[in-house]
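Throughout, protein chains are lettered first and strands after them, A, B, ... in sequence-line order, and every chain is numbered starting at 1. Because the structure is predicted, anything quoted here is derived from the model rather than measured.
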2 protein chains.
Amino acid sequence: MAQTTSTRREALRQTLLDIAEARIAHNGLAALRARDLAQEAGCSVGAIYNVYDDLNGLVMAVNGRTFQALGQAVGNSIKDDDGHSPTDTLIRMSHAYLGFAAENTNLWRALFDLEMSADSDVPDWYMEALNQLFAYIAAPLVQIFPDLDKTDLDLMTRALFSSVHGIVTLGLEKRISGVPLPQIERMIALVLSSLSGK
Amino acid sequence: MAQTTSTRREALRQTLLDIAEARIAHNGLAALRARDLAQEAGCSVGAIYNVYDDLNGLVMAVNGRTFQALGQAVGNSIKDDDGHSPTDTLIRMSHAYLGFAAENTNLWRALFDLEMSADSDVPDWYMEALNQLFAYIAAPLVQIFPDLDKTDLDLMTRALFSSVHGIVTLGLEKRISGVPLPQIERMIALVLSSLSGK
DNA sequence: GCCTCATATTGAACGGTGTTCAATATTGCA
DNA sequence: TGCAATATTGAACACCGTTCAATATGAGGC
């Protein structure tokens, strides 16, 4: 049997990815344990380090999946968006972002909670996924602010993403400003509506 | 000497508070170690647990100081603000918030990074400090949106705080959307200016 | 001042974590 | 089939926050 060993490696990679994703989704990133993973995967603890650099690497792989799903959720929300105002488009995307974060809170949190040791440790796909989100936002923005130059448009794009991200983050965090989901939706709508003059 | 023992306890509380604050400010919350604290304070590791419930309790005490300083920084920024538009007031407060976060990044991060195990673990002063910040925001907001009812005003207040918080958070985080400080200031100004119709 | 006992302080030990690497088992090939 | 090369293992390591039996110190009555 050719490739047996590398095939098994790849299978273990997938298995660990699935298990880690399920465990993070269910119990949160902080509850992820190497020994638990090994037991559920039916392998030794050392085996994890054969197929991933460390637990961070495994979590990064989970984040890759999560980011892709997040991008799809946002992208789907503006399929066939003809006939809607750019402000409406922004609101619908933001609500999709909120919906994804609310339904996958632990996985979504892991996207931002994972510590990246150095600057260059941020993988390419991470920045690309982020830039795709930015691109979604920039499109309706040029319609709302046609006279903004490229620099300011980029700043405004990042500012709006950060704003919505902040509202979602603190809104889902009970201790800070926890409110029911419909109220968070309204907060987003209030801020984004005021962009185009009320 | 009367009170010797309880006086010494209080002195140790203060000493540990100062040391913990300095260490968090310098190396970040994640680098705080019980054994390091004990060594620098010249006490045993167990002594920490005589005057604080656990390390979380100590960090909460540090956060109390930080929150107070943050409140002062924001409050000072709108001293004698007569003659300025409400939008300008919002911008100045937000820039003060950004300035504090930029100059005390690690301490400011600890305010939000510390895990609170249960819901009721959030101390009163934490919510009060937060409500004070909200009050600062609400005042200029009623001028900008006089016809907003109390519920929407409250939502708008929290939404704006969260927005600025999001811009500052991601702006200071290199991997996500790290940009120079003046650009973060501009992002805040762009979003807040658009509130009152460009 | 001194003895006594209640109280405060200590730091080695405990249970837990992520990670490693010498020892073992397995594979793929002549 | 035999054997070198490789893959896998899990006990051991370093380090963490936290505890608690043992020790040292305190304060009050004589």
Original post:
Considering only D:dA7, D:dT18, C:dT19, which nucleotide approaches the side chain of B:Arg35 most closely?
Top reply: D:dT18
**OP:** Give the rounded distance in Å between these two atoms: CG of B:Leu16 and P of D:dG17.
**Re:** 14 Å
Subject >> Enclosure of A:Arg186 CZ (heavy-atom neighbours >12, cutoff 6.0 Å) >> reply: no
Original post:
If you check the A:Arg33 side chain, which of D:dG17, C:dT27, C:dT17 turns out closest?
Top reply: C:dT17
**OP:** Looking at every strand, decide which applies to B:Leu32 at a 4.0 Å heavy-atom threshold: base, sugar-phosphate, or nothing.
**Re:** sugar-phosphate
Subject >> Atom-pair distance (CD1 on A:Ile48; C1' on C:dT20), nearest Å >> reply: 13 Å
Original post:
How about A:Val168 and A:Trp108: do any of their side-chain heavy atoms sit closer than 4.5 Å?
Top reply: yes
Original post:
Does the pair B:Asp18/B:Arg65 count as a salt bridge with the N-to-O cut at 4.0 Å?
Top reply: yes
**OP:** Starting from C1' on D:dG17, measure out to CG on B:Leu29 and report it in whole angstrom.
**Re:** 14 Å
Subject >> Electrostatic pair B:Asp88-B:Arg92, nearest N-O below 4.0 angstrom >> reply: no
Subject >> Rounded interatomic separation in angstrom, taking CG from A:Leu37 and P from C:dT19 >> reply: 11 Å
**OP:** Take atom OH of B:Tyr49 and atom P of D:dC16, then tell me their distance rounded to the nearest Å.
**Re:** 12 Å
**OP:** Ignoring backbone atoms, establish whether B:Arg8 has a side-chain N or O less than 4.0 Å from OP1 or OP2 of D:dT25.
**Re:** no
Original post:
Which nucleotide sits closest to the side chain of A:Val45: C:dT9, C:dT19, D:dT18?
Top reply: C:dT19
**OP:** Could you work out which one of C:dT9, D:dT9, C:dT19 sits closest to the side chain of A:Leu55?
**Re:** C:dT19
**OP:** Would you mind reading off the distance between B:Gln39 atom CD and C:dG11 atom P, rounded to a whole angstrom?
**Re:** 12 Å
Original post:
Thinking salt bridges, do A:Arg158 and A:Asp154 make one under a 4.0 Å N-O criterion?
Top reply: yes
Original post:
Between B:Asn50 (CG) and C:dT10 (P), how many Å, whole number?
Top reply: 8 Å
Subject >> Separation of C:dT26 C1' from A:Leu12 CG (nearest whole Å) >> reply: 16 Å
